[in-house]
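Encoded as structure tokens, the structure appears first; notes follow it.
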Amino acid sequence: MKKFFIQDLKRSIINPGFFVGIVFVLVILLPAAVLDTPLDGSRSYLYGFGNVFHASGFSPFAAVFPVLAYASVFCEEHNSGYLRMILHRTGFAGFMKVRAVTVGFSGGMMIAVPIAVICLIVYIGGVPGIPTDSDEGLLAGTKIIEAIIKYGDWYVVGGKVVLGFLFGVLWALVGFAFAVWIPNRYVSLLAPFILYDALWLFIGYRSFNPIFLLAGDDVGRGNYPLAVLIDLLYIAAALFAVHVGIRQERRC
């Protein structure tokens with residue numbers, strides 16, 4: 001089982017989809033970080049984060065990317081008959097644990113790595129701490145400012161990376177769930193994005209709207225722990241859908 005896990009983990013991140021996804025996320029976010037944001041120490045890093053996460057246009061399409069790496073590999077395994085051999089060797093529980101981890105990890109890293117790079121660029125080029133001068137009053141009254149005062153800037157910088165990772169995990173697992181129930185590569189790649197936008201429109205301006213979970217700034221006025229909790233609940237729901245789908249597959 002350990003050998004299968006290591007092999008599957010390598011496959012989940014050493015593939016064209018994973019690197020293409022990272023490049024595309026960087027291409028979308030970089031202009032907001034280096035062109036729309038002054039990096040000469042004249043503006044608060046929070047101003048730059050606002051450009052990256054709210055003005056770059058990335059959030060409405062963010063669910064497209066986590067599924068590119070590994071979520072749809074189940075379709076190929078199912079249609080080739082390879083899946084039955086894997087299930088016979090690993091068992092249902094073993095396969096479920098390994099594949100959920102590897103799919104989630106690939107999707108999480110695809111979003112977290114570019115976000116970490118962008119956040120570091122903006123933070124280094126911006127003014128740390130509570131916004132002052134021309135940025136005074138930025139995000140005033142939010143839990144973000146309260147947390148910076150109490151914990152420091154790592155709350156925002158680290159929080160963005162953690163939320164990006166969990167966002168990627170969630171939508172990679174959603175793609176995996178679609179692949180399990182409808183073993184078609186195109187469905188597993190497109191359905192999560194359609195669901196993401198449908199939920200965005202249906203739920204509206206509420207903290208548990210999936211589109212707000214990437215940045216976390218609109219979840220309880222910047223309550224990142226609450227955003228993490230909501231992410232984990234959605235991830236649990238996606239894992240349940242995968243669990244039931246693979247059990248159905250084993251019985252067929």
Side-chain angles (χ1 to χ4, degrees), residues 12 15-29 52-79 83 96 99-100 102-112 114-115 163-219 227-228 230-249:
S12 72
N15 64 73
F18 180 78
F19 294 106
V20 167
I22 285 181
V23 169
F24 268 97
V25 174
L26 281 171
V27 166
I28 294 172
L29 295 180
V52 170
F53 289 97
H54 301 291
S56 65
F58 176 65
S59 293
F61 304 98
V64 170
F65 302 101
V67 299
L68 294 177
Y70 209 51
S72 64
V73 73
F74 182 90
C75 303
E76 302 166 14
E77 294 171 345
H78 176 277
N79 296 331
L83 176 64
M96 170 72 189
R99 186 53 58 83
T102 56
V103 168
F105 181 77
S106 67
M109 292 302 291
M110 183 184 289
I111 302 298
I115 283 180
L163 289 174
F165 180 79
L166 291 176
F167 182 92
V169 170
L170 169 60
W171 290 101
L173 289 174
V174 169
F176 184 26
F178 275 109
V180 168
W181 283 96
I182 309 172
N184 181 287
R185 176 178 175 81
Y186 299 104
V187 171
S188 66
L189 293 175
L190 294 176
F193 171 65
I194 295 172
L195 175 63
Y196 177 71
D197 274 9
L199 289 173
W200 174 25
L201 295 173
F202 179 74
I203 293 175
Y205 198 88
R206 293 181 174 89
S207 290
F208 55 91
N209 191 325
I211 199 169
F212 295 147
L213 297 178
L214 177 63
D217 299 337
D218 295 308
V219 178
V228 168
I230 296 171
D231 265 324
L232 293 176
L233 291 175
Y234 281 144
I235 287 170
L239 286 172
F240 179 75
V242 171
H243 175 88
V244 174
I246 294 178
R247 276 201 176 277
Q248 291 292 111
E249 175 65 29

Determine, step by step, whether Leu239 and Met96 satisfy the side chain to side chain contact (heavy atoms under 4.5 Å, CB included) criterion, reporting the C-alpha distance in whole Å, the side-chain angles of both residues, the deciding distance to 0.1 Å, and the verdict. CA-CA 9 Å; Leu239 286 172; Met96 170 72 189; 4.2 Å; yes
Hey, what do you get for [atom1] ([X]) to [atom2] ([Y]), rounding to the nearest 0.5 Å?
| X | Y | atom1 | atom2 | answer |
| --- | --- | --- | --- | --- |
| Phe208 | Tyr234 | CZ | OH | 6.0 Å |
| Trp200 | Asn209 | CH2 | CG | 8.5 Å |
| Leu163 | Asp217 | CG | CG | 9.0 Å |
| Phe176 | Thr102 | CZ | OG1 | 7.5 Å |
| Leu189 | Cys75 | CG | SG | 7.5 Å |
| Leu214 | His54 | CG | NE2 | 9.0 Å |

Stepwise side chain to side chain contact (heavy atoms under 4.5 Å, CB included) test for Trp181 and Val187: CA-CA 10 Å; Trp181 283 96; Val187 171; over 6 Å; no
Identify the heavy atoms of [X] and [Y] that sit nearest to each other, and give their distance.
| X | Y | result |
| --- | --- | --- |
| Asp197 | Pro60 | OD1-O, 3.2 Å |
| Gly168 | Pro66 | O-CB, 3.4 Å |
| Pro210 | Trp171 | CB-CZ2, 3.8 Å |
| Ser188 | Ser72 | OG-CB, 3.0 Å |
| Leu173 | Ala100 | CD2-O, 3.6 Å |
| Ala69 | Ser12 | CB-O, 3.8 Å |

Should we say atom CZ of Phe61 is surrounded by more than 12 heavy atoms from elsewhere, each under 6.0 Å from it? no
For this output row, return yes or no: ring centroids of Phe65 and Phe167 closer than 6.0 angstrom.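 Between Phe167 and Phe65, which both carry aromatic rings, the centre distance is not below 6.0 Å.
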Would you find a donor on one side and an acceptor on the other, under 3.5 Å apart, between the side chain of Ser106 and the backbone of Val103? yes
When Phe53 is tested against each of Ile115, Leu29, Asp218 for side chain to side chain contact (heavy atoms under 4.5 Å, CB included), which residue passes? Ile115
Start with the C-alpha gap between Leu190 and Phe178, add the side-chain angles, then the distance that decides, and say whether side chain to side chain contact (heavy atoms under 4.5 Å, CB included) holds. CA-CA 10 Å; Leu190 294 176; Phe178 275 109; over 6 Å; no
With Val219 via side-chain contact (heavy atoms from CB on, under 4.5 Å) - residues at least two apart: Ser207, Phe212, Leu213, Leu226, Ala227, Ile230
Worked check of side chain to side chain contact (heavy atoms under 4.5 Å, CB included) between Asp231 and Phe165: CA-CA 10 Å; Asp231 265 324; Phe165 180 79; over 6 Å; no
